[in-house]
Each structure stands twice: as C-alpha cells, then as structure tokens.
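For reference, the structure discussed in these notes is given below.
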Protein chains: 2
Amino acid sequence: MNISEAAKLSGLSAKTIRYYESIDLISPPRRAANGYRRYGEADIASLCFLRQARQFGFSIDQCRLLLGLYKNPQRRSAEVHQLVSDKLEEVDAHIRELADTRELLANLVGACANDEDADCVIIDRLAGQKEQA
Amino acid sequence: MNISEAAKLSGLSAKTIRYYESIDLISPPRRAANGYRRYGEADIASLCFLRQARQFGFSIDQCRLLLGLYKNPQRRSAEVHQLVSDKLEEVDAHIRELADTRELLANLVGACANDEDADCVIIDRLAGQKEQA
DNA sequence: CTAAGCCTTACAGCAACAGGAAGGTCAAGA
DNA sequence: TCTTGACCTTCCTGTTGCTGTAAGGCTTAG
C-alpha cells in the first residue's frame, strides 16, 4: 500500500512517516517502479507501535529503544519494565514541577485586584528582584 | 555595567539577554565606545521581570504582553489578571493531560511480569492496532 | 609581549514535526 | 487525447527558547 493508506491505518500522518524514515527510526520501505513507497503489514505494525508509544509520552529516542525490544524476540520483559518505570518517574517529576507552577499562578490570580486600577500585585511580584536564596 | 554583570544581577545568562534583544523582547541598550552593551537599573529591572515571568511558565509572547503592562502606568490590573488566569488554565490543562498519561503508564508498569521472559504485556499493549473509537 | 578574561557577531543545532514549493504520476471523465 | 484532481516525490523553512561554537576584538595584569 502507498503512504497515505499506511498513514490512515497507523494513525500517523504521511509527513510523520517520512520523517521517521529520515531519522532512521523505521527502515526504508520498498519502492514501487514509480518511486512510491510501498508498505506491508509488518511496517504498519511498527508504525502503530510507534504511534502508541508516542501517545504514552515516550520521546523518539525512547521509542527507538522500545521498537528494538518490540522487534527482538530475545528481549527480557524486565528491560521493558525498566524503560517504562523510568518514563513514569519522568512524568511524575514533570507533574510535580507543573503543580508547583500552578500554585504560584493561583496565588497571583487570587492576589490581584482585577479592576480598572493600575495597581497590580501580580506586576509587583513579577518585578521582585532576584532572590539570593 | 557590562552584560556579564547584568546577567549576574538578573539571573539570566548573557546569551539569553542577547537573545531577548535579538527578538525585540527588550530594547537595545546603549553601547560604550568600544561597542560593549551598557545596562542601567531600569534594564536590570526589566530583565528580572522577564526571568520571573519565564519561571512562572509564561511563553516569550506572553512575556512580551506582560512586560508591556509592566512598563505601562496606564494599565488596568484586570488585563494582567486575565493573562494570568489564562495561563493558569493552560497549566491546568497540561497537568490533566500528563495525569492521564501517568495513569496509562502506571497501568503498564503494574501489568508487566518484569522478569527474564520475552513475554511482555507492555509490548503487547503498545503493539495494539489503532482503535476505531 | 603575551595570556586570560572579557566582549562582539554569526551560524549550527536541539525536538518533533508541519507547511509549502516545485515537480512527477496515475486514473477517470469529456 | 487532453485535462483535471488526487496522489506521490524531494527539499527548504518555520516552530520554541535558547545553548554551543567559531572567529575575532578589547582590556588588564604579569
């Protein structure tokens, strides 16, 4: 099948598929006589795998590792488990960071007069000099 | 003062300060006879303001607006309030998204045998075809 | 005189694509 | 047969917010 059908089946865009090929994330597919890319079932499976992994938040490099494990029948599930728990920690850290930011913002929102005056606690706080902490 | 002292006082890097100038986020400072940038107190205040705003998660474009309000004595605090509540919603949305991802990952981690076997529920789930939902 | 430590500009690169230009190909209809 | 539209190809640019590096000039101490 051509790239647009591969895109439809995998849920990725044709652009993305070509991009994945350009960075050697997937192997180059066969080409038809006219130069068009031809994809088979195994290709589609890899593309679906990648779409899922990306949706789970894995970076391209992490996807590279996961795809390697996916294609390797000699893998140990412990390796996969390790990758995924690392990712989980990563996401947790990110959430904690955002939660902190969220609290700071909520404080600002609560402190602002929200009226027609020029006085603004938010501006004042943002203007605070660098703390020596 | 030269750029490196401005950097120290503001908490930004010299690179970042030059970058902010290049994208017209801050106005170009005066220059000494030798071509070096010279910064004054008002410049430092703007730079500190920007560092704080960035730490609060505001994008460069949002910082542009905030800085405009900061420098405008005719501002209405309601405008500032609006910008910050929008940002708060943005961050909340991001957190919700990450929380969803986190749950999915936690599920995977829990379901994996985590042993020397090649069988791996994680791989199986990631390999699932595109759902028609 | 030279070496360190500032400063300058300008270009390349990161992630993960999306958009668009310029052109080749293919199938269907008038 | 010609044309139209929908495919396909490659290549280049832009996104965000910088950081790194190169290649060179200024300044001050030894």
Side-chain angles (χ1 to χ4, degrees), chain A residues 1-26 28-40 43 46-67 87 90-91 93-94 97-98 101, chain B residues 1-26 28-40 43 46-67 87 90-91 93-94 97-98 101:
Chain A
M1 72 190 83
N2 285 346
I3 197 168
S4 68
E5 201 179 342
K8 206 174 300 175
L9 289 181
S10 67
L12 296 169
S13 75
K15 276 276 185 200
T16 298
I17 296 176
R18 287 195 203 96
Y19 171 68
Y20 285 173
E21 184 186 333
S22 80
I23 60 170
D24 292 317
L25 179 55
I26 56 177
R30 290 168 294 134
R31 297 284 185 137
N34 57 13
Y36 289 15
R37 291 172 177 80
R38 308 308 305 265
Y39 296 91
D43 298 319
S46 290
L47 291 172
C48 286
F49 183 89
L50 286 172
R51 179 188 47 80
Q52 289 270 39
R54 291 287 297 134
Q55 276 182 356
F56 273 90
F58 291 99
S59 73
I60 295 285
D61 270 350
Q62 291 167 335
C63 286
R64 217 181 282 276
L65 297 174
L66 283 172
L67 192 60
K87 188 71 199 175
E90 229 177 85
V91 171
H94 197 168
E97 216 178 287
L98 277 178
T101 298
Chain B
M1 73 190 84
N2 284 346
I3 197 168
S4 67
E5 199 178 345
K8 204 175 303 175
L9 289 181
S10 66
L12 297 169
S13 75
K15 275 279 186 201
T16 298
I17 296 176
R18 286 195 203 97
Y19 171 67
Y20 285 175
E21 185 186 333
S22 81
I23 59 171
D24 292 316
L25 179 56
I26 55 177
R30 290 167 296 134
R31 296 285 184 137
N34 57 15
Y36 289 13
R37 290 171 178 81
R38 307 308 304 266
Y39 295 92
D43 298 319
S46 290
L47 291 172
C48 287
F49 182 90
L50 287 171
R51 179 187 47 80
Q52 289 269 41
R54 290 288 296 136
Q55 276 182 357
F56 273 90
F58 291 99
S59 74
I60 294 287
D61 269 350
Q62 291 165 334
C63 286
R64 219 181 280 276
L65 297 174
L66 283 171
L67 192 61
K87 187 71 200 175
E90 230 177 85
V91 170
H94 197 169
E97 217 177 288
L98 277 178
T101 299

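Note on naming: letters A, B, ... go to the chains in the order of the sequence lines (proteins, then strands), and numbering restarts at 1 for each one.
Between the side chain of A:Lys15 and the base of C:dG20, a donor-acceptor pair under 3.5 Å is found. In the interface, the side chain of B:Tyr20 is not paired with the base of D:dG17 through any donor and acceptor atom under 3.5 Å apart.
C:dC17 atom C1' lies 14 Å from atom CD1 of A:Ile26, rounded to whole Å. Nucleotide D:dT10 holds its C1' atom 17 Å from the CD1 atom of A:Ile17, rounded to whole Å. Atoms CD (B:Glu5) and P (D:dT27) sit 17 Å apart, rounded to a whole Å. Atom CD1 of B:Ile23 is separated from atom P of D:dG17 by 8 Å (rounded to the nearest Å). Across the protein-nucleic acid pair, A:Phe58 atom CZ and C:dA15 atom C1' stand 17 Å apart, rounded to whole Å. The distance from atom CZ of A:Arg30 to atom P of D:dT9 is 14 Å, rounded to the nearest whole Å. Between the P atom of D:dC18 and the CG atom of B:Leu50 lies a distance of 10 Å, rounded to the nearest Å. Following rounding to the nearest Å, A:Leu12 (CG) and C:dA16 (P) show an atom-to-atom distance of 14 Å.
When all heavy atoms are compared, the tightest approach of A:Ser59 to A:Arg54 is CA-NH1, 3.8 Å. A pairwise comparison of heavy atoms in B:Leu25 and B:Cys63 identifies CD1-C, 4.4 Å as the closest pair.
The side chain of B:Ser59 contributes no N or O atom lying less than 4.0 Å from OP1 or OP2 of D:dT16. Distances shown here put a side-chain N or O of A:Arg54 below 4.0 Å from the OP1 or OP2 atom of C:dC17. Under 4.0 angstrom from either OP1 or OP2 of C:dA16 there lies no side-chain N or O belonging to A:Arg18. Phosphate proximity of C:dT9 to B:Arg31: present, with a side-chain N or O under 4.0 Å from OP1 or OP2. Here B:Thr16 does not reach the OP1 or OP2 of D:dG17: none of its side-chain N or O atoms lies under 4.0 Å away. For B:Arg37 and C:dC7, the shortest distance from a side-chain N or O to OP1 or OP2 is not below 4.0 Å.
Both A:Asn34 and B:Asn34 sit near DNA chain C, but only B:Asn34 has its closest nucleotide nearer the 5' end. Map A:Ser13 and A:Tyr36 each onto its nearest nucleotide of DNA chain C; the residue landing nearer the 5' end is A:Ser13.
One finds a salt bridge joining A:Lys87 and A:Glu90 here, because a Lys/Arg side-chain nitrogen approaches an Asp/Glu carboxylate oxygen to under 4.0 Å.
Counting non-hydrogen atoms under 4.0 angstrom, A:Ile3 reaches the backbone sugars and phosphates but no base.
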Set out, in order, the CA-CA distance, both residues' side-chain angles and the distance that settles side-chain contact (heavy atoms from CB on, under 4.5 Å) for B:Leu9 and B:Tyr39, then state yes or no. CA-CA 11 Å; B:Leu9 289 181; B:Tyr39 295 92; over 6 Å; no
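Counting only heavy atoms from C-beta outward, the side chains of B:Arg37 and B:Asn2 never approach each other to under 4.5 Å.
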